[in-house]
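Notes follow the structure.
Keep in mind that the numbers below use all heavy atoms, side chains included, and drop hydrogens, waters and symmetry copies.
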Amino acid sequence: MTSRVEYWGSRLFPLALILLVVVAAWQWRGGAPVSANLLELVPSGKPDALEQQAVQRMQEPLNRELLVLISHPQREQALALAAELGARWQQQTLFEKVQWDPQADLSSIRQQLQDQRLALLPAADRQQLIDNPAAFIEKRVQDLFDPFRSQGVVATNDDLLGLSTLVEKGLPHHHNVQVDLSGALIAESEGTTWALLRARTNADAFDGNLALAVDDLVTQARDEVEARGGHLLASSGLLYSAHGQREATREISLMGGLASAGALLMMLLVFHQVRILLAFVPAAIGVLAGLTVCVAVFGHIHVMTLVLGASLIGVAIDYPLHLLSKSWTLQPWDSWRALRATLLGLSLGLVTNVIGYLALAFTPFPALKQVAIFSAAGLLGAYLSTLFLLPTLLGKAQIRPWQPPHALAQRLLDWREALLRKLPTPWLLLIFALFCAAGLLQLSHKDDLRQWASVPPQLLEQSKAISQIVGTQPTSQFFLVRGDDEEQLLQRQQVLSQRLDTLVEQGQLKSYLALSQLIAPTTQQEKLRQAVAMLPSHSAALTELGIPAEAIEQEARQLQALPTLSVEQVLAAPLSEPWRPLWLGNADDGQVAGLISLQGLSDSDLLAAQAEGLAGVKLVDRLGELNRLFAATQVSAAELKLASCLLIFAVLCFFFGARGAARILAVSLLAALASLASLGWLGQPLTLFSLFGLLLVTAIGVDYAILIRERVGGAATSLLGTLLSALTTWLSFGLLAVSSTPAVSNFGLTISIGLIFSFLLAPWAGDAPAKEPHP
């Protein structure tokens, strides 16, 4: 006879399930709420709004820009292929801009060089004009005899004193890209001409299926170019994002499919009934519950969460398996009777598992927070389904499982007893301790952001090749400079630039880009204006060349009449495009801010020293910060481990007393220790994911120990039920161990090994009397 809880639970649960399906359908109404943004996986730290804006600004080119190089044995054919591809891509709605030629408005550039020549004059020429006007004029005379230095966009007649030409020649040029006579963008490398094409998408790399669409276009273009005898290289964060999405989708399908298929075959083998496959319903409901709750909490679910969460199938199916495994001894079979007999073990297993997973929610890593919520909600959904839906679905079906597995379980127990008679527990414990000690001595440590992503070698090789051909080597570090006004900002950038120039001279830094390289501070512009007034009195060398003194005086007056320009005015003109991302403008605190980007850094440790003693200057090293956070988080991982163990111990004490709780928890902790030692024996590093994986080893291992200690249906039945559930869990986490993402692989390997030891050690939790006094 069913209880009131069973009666009403079995009737109300379907209504809750319908509500869950409706909520899930509403969440997915506009498409899959799935994100592939790798930056969401790592902690954001606590940067202020301006620093966060700076990081986003520097990351934007990586997430939106695509660089393509095309070569061909026939030079003109390479240019034609690039132009053809560019024209076709320009018609695509994916791209905001596609460029394969300069597309420059020469009249606008000429106008900028004329109107802004005082503000844009290079620092060395600026200083010479202010300090030594005569030397400035002498240099101008020498330049007029050098056709390479005197010719520019602005005609000599309109640039008698050469300021526009000095600006044009003095603008930093830190790459190998040139403009061909045909007007195409090219780069020469090792005797090969590469036609260059740039494209900028309308959204970033993590917006829906944009990255996949761009990757498809690149693949199609490569096939076409190679079919015509050419070679195509491409580099972009979009391509890495597309690879990550495809790899995650493949792994989710593979891991989820194999875990489900393995569990299905095992259940058909041991239970010999198709109806038994209804046990998958709680696991499916658990996955749906995890997805729905995760999207409700975070607004979306990350593909990495889905990869890690694929292991939930193996854990969620444990509840039906524990219930069904009692059919070996509880005959005639009745699902409600079996449920009542196993309810305590199922409930304690749920509590300990949820404690283990929710401990991950207190880590600083968003990826693990999502896994925690997804898994905890999923396990609760699977547990409630097992309690209130599965008995109804199974009905009065008579389950008569295959008997050989039960006989095997009994033989395993007999072998264990025989082993303990020959080799008592203290000696086994000594051997175990020696195994762990030797393994821990071999254990190495590694934590690096690169563990979070599977980096395809072919993309990495293409990126390196493009960097070498084009001559750009961007770095993730940059300087954020603040000032009370534009004047102070540019002055501070000038001081920092002097230090960076030293690194460039020493070969420690290839180049950098700063606003101070482009525009002079307002005080410098004023000094230039005053110095220009003195130039006619020093222009005898020019008049000797036949340049009328009146013309020189007239140009000096024109220069004096030029207005003092702000940063925004200069950046609005065409020549200033490379510097526009470096200007952040006004901050919330009333200051103004700008960035200094870096190229070709050989030693990142040198950068921190460059900002020392400079007010308003901060080095932003996101990669370094994250790696330092990884190291610091090891302490919090140990604290979480201790806290979760204490909480599990408190729960177990209520049901098994202090001695029983300590015995159950001890075998689980020993399994976690053995997992760490095994990593050392296998040559695998200890990472943060290893430590977080140990949280789950303890939680799930306690579940095994409780079930064997309870001996519902007998010792052999308990052992067999634990073995069946362990096999599905091993399969799920074991598949994670073969993931192409190092962090996921390490996580799965640690848990898989730990759970194997959890099963092997679990019988020791039941060696004490099965029923101890309750506290």
> So, Gln591 versus Asp484: side-chain donor-acceptor pair below 3.5 Å or not?
Replying inline: yes
Worksheet item: So, Ser164 side chain and Leu113 main chain: donor-acceptor pair closer than 3.5 Å or not?
Response: yes
Q.
So does Gln111 get a backbone contact from the side chain of Gln114, meaning a donor-acceptor N/O pair under 3.5 Å?
A. no
State, yes or no, whether a side-chain contact exists between Leu196 and Trp100 at a heavy-atom distance under 4.5 Å. no
Pair Glu188-Ile469, side chain to side chain contact (heavy atoms under 4.5 Å, CB included): steps then yes or no: CA-CA 7 Å; Glu188 302 283 350; Ile469 294 168; over 6 Å; no
Between Gln127 and Asp131, is any side-chain donor less than 3.5 angstrom from a side-chain acceptor?
yes
message = Is it true that Asn132 and Gln128 share a donor-acceptor pair across their side chains at a distance under 3.5 Å?
response = no
Pro685 and Asn746 have their tightest heavy-atom pair at O-ND2, 3.2 Å
Arg529 with Glu526: basic N within carboxylate O range, under 4.0 Å: yes
query: Does Gln508 offer a backbone N or O that forms a donor-acceptor pair with the side chain of Gln506 under 3.5 Å?
result: no
- Would you tell me whether Glu487 and Gln491 have side-chain atoms, one donor and one acceptor, within less than 3.5 Å of each other? yes
Can you confirm whether Gln53 sits close enough to Met58 that some side-chain heavy atom of one is under 4.5 Å from a side-chain heavy atom of the other? no
Do Phe298 and Ile373 make a side-chain contact, defined as non-hydrogen atoms from C-beta onward lying under 4.5 Å apart?
yes
| task | Would you check if the side chain of Arg499 reaches a backbone N or O of Gln610 as a donor-acceptor pair within less than 3.5 Å? | result | yes
Side-chain (Tyr512) to main-chain (Leu500) donor-acceptor, under 3.5 angstrom: no
All heavy atoms of Ala242 vs all of Leu212, minimum pair found to be O-CD2, 3.7 Å
For Arg246 and Asp216 the tightest heavy-atom approach is NH2-OD1, 2.7 Å
- Task: Flag yes if more than 12 heavy atoms outside Gln92 fall under 6.0 Å of its CD atom; otherwise flag no.
- Result: yes
Looking only at heavy atoms, the pair that brings Leu66 and Ser236 closest together is CD1-CB, 3.6 Å
For the residue pair Ser576 / Gln116, report whether a side-chain donor-acceptor contact shorter than 3.5 Å exists.
no
Shortest non-hydrogen pair, Ala199 vs Trp89, comes out as CB-CE3, 4.4 Å
(message) Run Lys169 and Asp159 through salt bridge (Lys or Arg N to Asp or Glu O under 4.0 Å) and show every step you take.
(response) CA-CA 14 Å; Lys169 306 297 184 184; Asp159 187 32; over 6 Å; no
Heavy atoms of Val481 and Leu489 approach each other most closely as O-CD1, 3.1 Å
Separation between CZ (Arg126) and CG (Leu166), nearest 0.5 Å, reads 12.0 Å
Quiz item: Looking at side-chain heavy atoms only, is the closest gap between Leu232 and Leu69 below 4.5 Å?
Solution: no
Any side-chain heavy-atom pair of Arg140 and Leu161 under 4.5 Å: no
Point to revise | Pair Glu168 + Arg110: basic N to acidic O under 4.0 Å | key: no
Given the options Leu595, Leu571, Val570, Leu515 meets side-chain contact (heavy atoms from CB on, under 4.5 Å) only with Leu571
query: Would you say Leu120 and Gln112 make side-chain contact, with heavy atoms under 4.5 Å?
result: yes
Notebook entry, point to check: Between Ser467 (side chain) and Thr472 (backbone), is there a donor-acceptor pair under 3.5 Å?
Noted result: yes
- Query: Counting distance only, does the side-chain N/O of Asn202 pair as donor-acceptor with the main-chain N or O of Thr93 below 3.5 Å?
  - Reply: yes
Other residues, nucleotides, ligands: >12 heavy atoms within 6.0 Å of Phe362 CZ: no
- Task: Determine, for Glu577 against Lys97, whether the closest basic-nitrogen to carboxylate-oxygen distance falls under 4.0 angstrom.
- Result: yes
Thinking salt bridges, do Arg117 and Glu555 make one under a 4.0 Å N-O criterion?
-> yes
Report yes if some heavy atom in the side chain of Phe479 is under 4.5 Å from a heavy atom in the side chain of Leu607; otherwise report no. yes
Do Val504 and Ser511 have side-chain heavy atoms sitting under 4.5 Å apart? no
Is a side-chain donor-acceptor pair under 3.5 Å present for Ser516 with Gln494?
no
